[in-house]
Amino acid sequence: MDTIICLFYKIPSTVYAAIAASVITLLGVSLSNRAANKRLITQLSIESNERKQERDVNLRKDVYLKTAEELTKAQQYLGSLANSDLSNLQNQQKTLGELFSATSKIHIVGSDETIRCVVNVTCKFTVAMLSITAKSMSLHDLKSDIDILSGLIDDFSSKRENYLNEITAFNLSGNADKVLWDKLQGNFNFVRDEIANYIQERSQKWDEHNVYQRQLMIECVRESLELAELVVPAVISIRKELGLPFNEIAYIELMKKQSLEAEAVIKSFLSDIDKNEHA
């Protein structure tokens with residue numbers, strides 16, 4: 001042991017200095033590398049998070065824009081149901097399919113608030129559409145009756161023309177057969193009376209049809225306006241998630257103003273119809 005200690009004493013101090021300097025340098029490099037590694041890991045983590053956030057935002061943006069488009073189409077569709085042909089169910093299936101296809105993606109990328117708002121809209125739209133469709137069945141039945149009566153009127157009108165031609169030919173021929181004359185006259189009178197009855201029945205059907213259609217129109221407008229009220233919070237929630245700044249209060253006031261204006265236009269339109277019907 002004494003020998004080893006003596007050997008250490010015999011080592012020049014410059015060697016110790018060199019060793020100390022090397023150790024310090026090595027420690028410095030190690031610390032520097034560790035700091036650089038930490039900065040690199042932090043930078044990569046930040047960039048990864050940024051890319052993930054960007055992907056999330058882009059995904060939400062695509063989903064939300066499509067959803068907003070379909071919500072608007074749903075409002076328009078409700079307003080037009082009063083004039084739609086119930087026998088053509090493809091439009092209803094297409095509208096429902098596109099709406100549910102767009103809104104179903106909200107359940108994956110949307111926040112709880114956005115999901116709640118969108119679900120409220122889709123539920124309201126579904127219930128309103130089914131209710132209006134059920135009420136429009138009477139309108140559809142009346143239109144079918146009117147079409148049948150119109151067909152009968154056209155058919156009997158053709159027969160009336162034929163009987164009239166036969167009567168004209170009978171008169172021109174100078175035929176004095178009273179039995180044949182009575183038969184021709186009876187056939188003509190029967191067809192004429194049937195046409196008058198069908199026209200009167202069709203007119204009554206049209207009156208009923210117009211009353212039902214007016215009631216259905218009012219119902220469609222009411223449901224559309226109620227749906228619009230539910231769309232507003234959905235749009236607000238979507239804009240917040242996308243980070244799109246806007247004046248929320250001003251937007252709500254604008255939507256209320258448009259709703260009131262639309263309601264006033266409909267009331268004026270129905271009032272004009274009443275005036276023309278009683279003119």
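Computed from a prediction, not measured in an experiment: that's the story for all the values here. Atoms considered below: every heavy atom in the structure, side chains included; atoms not considered: hydrogens, waters and symmetry mates.
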Closest heavy-atom contact between L230 and N120? CD1-O, 3.7 Å

By salt bridge (charged side-chain N to carboxylate O under 4.0 Å, His left out) - contacts of E248 (at least two apart): K240

Are M137 and W206 connected, step by step, through hydrophobic side chains (Ile, Leu, Val, Met, Phe, Trp, Tyr) whose heavy atoms are closer than 4.5 Å? no

Can you see which heavy atom on S138 is nearest to which on Y212, and at what distance? CB-CE2, 3.8 Å

Would you call S111 and I115 a side-chain contact if the rule is heavy atoms closer than 4.5 Å? no

Could you give the distance from CD1 (I153) to CD1 (I148), rounded to the nearest 0.5 Å? 12.0 Å

For a side-chain hydrogen bond (donor to acceptor under 3.5 Å, both in side chains) check, start with the C-alpha distance between Q185 and N189, then their side-chain angles and the critical distance, and finish with the verdict. CA-CA 6 Å; Q185 189 67 40; N189 291 339; 3.3 Å; yes

If you take all heavy atoms of L216 and L139, which pair is closest and at what distance? CD2-CD2, 3.9 Å

Looking only at non-hydrogen atoms, find the nearest pair between V232 and I252 and report the distance. CG1-CG1, 4.1 Å

I'd like to check V235 versus Y251 (side-chain heavy atoms, cut-off strictly below 4.5 Å). Are they in contact? yes

For K73, does the NZ atom sit with more than 12 other heavy atoms under 6.0 Å from it, leaving out its own atoms? yes

So does L164 get a backbone contact from the side chain of T168, meaning a donor-acceptor N/O pair under 3.5 Å? yes

Does I108 share a hydrophobic cluster with I238, counting links as ILVMFWY side-chain heavy atoms below 4.5 Å and allowing steps through other members? yes

In Å, rounded to the nearest 0.5 Å, how long is the span from CG of D177 to CG of D182? 9.0 Å

Could you state the interatomic distance from NZ (K205) to CG (D141), rounded to the nearest 0.5 Å? 9.0 Å

Roughly how far, to the nearest 0.5 Å, is OG1 of T72 from CD of E69? 8.0 Å

Identify the two heavy atoms, one from T133 and one from M129, that lie closest to each other, and give their separation to 0.1 Å. OG1-O, 2.6 Å

Is there a path from I199 to F190 through hydrophobic residues (I, L, V, M, F, W, Y) whose side chains come within less than 4.5 Å of each other? yes

Do E226 and R222 sit within salt-bridge range, that is, some charged N less than 4.0 Å from a carboxylate O? yes

For the hydrophobic clusters of this structure (ILVMFWY residues joined by side-chain heavy atoms under 4.5 Å, transitively), does one cluster hold both F188 and W181? yes

Using only atom types and a distance under 3.5 Å, with no angle test, would you say the side chain of S144 pairs donor to acceptor with the backbone of H140? yes

Which pairs count as side-chain hydrogen bond (donor to acceptor under 3.5 Å, both in side chains) when at least one residue sits in residues 151-167, sequence neighbours excluded? none

Should the pair E223-K124 be classified as a salt bridge under the 4.0 Å nitrogen-to-oxygen rule? yes

To the nearest 0.5 Å, what is the distance between CZ (F125) and CG (L71)? 10.0 Å

Would Q215 and V211 count as a side-chain contact (heavy atoms from CB on, under 4.5 Å) here? Give the steps. CA-CA 6 Å; Q215 293 174 348; V211 171; 3.8 Å; yes

Any heavy-atom pair between the side chains of N197 and E194 that's under 4.5 Å? yes

Has the side chain of S237 got a donor or acceptor atom that lies under 3.5 Å from a matching backbone atom of A234? no

CA sep, side-chain torsions, deciding dist, call: I146, H209, side-chain contact (heavy atoms from CB on, under 4.5 Å): CA-CA 9 Å; I146 290 171; H209 177 278; 4.1 Å; yes

Give the cluster check for V191 versus L152: same hydrophobic cluster or not, with ILVMFWY residues linked at side-chain heavy-atom distances below 4.5 Å. yes

Would you confirm whether S136, through its side chain, and I132, through its main-chain N or O, come within 3.5 Å as a donor-acceptor pair? yes

With F156, which residues qualify under ring-ring contact (aromatic ring centres under 6.0 Å, His included), at least two apart? Y198

Gap separating the CD atom of Q213 from the CD atom of E208, nearest 0.5 angstrom: 13.5 Å

Does a salt bridge link R116 with E113, judged by any charged N lying under 4.0 Å from a carboxylate O? yes

Examine the side chains of E241 and T114 and answer whether a donor and an acceptor come within less than 3.5 Å of each other. yes

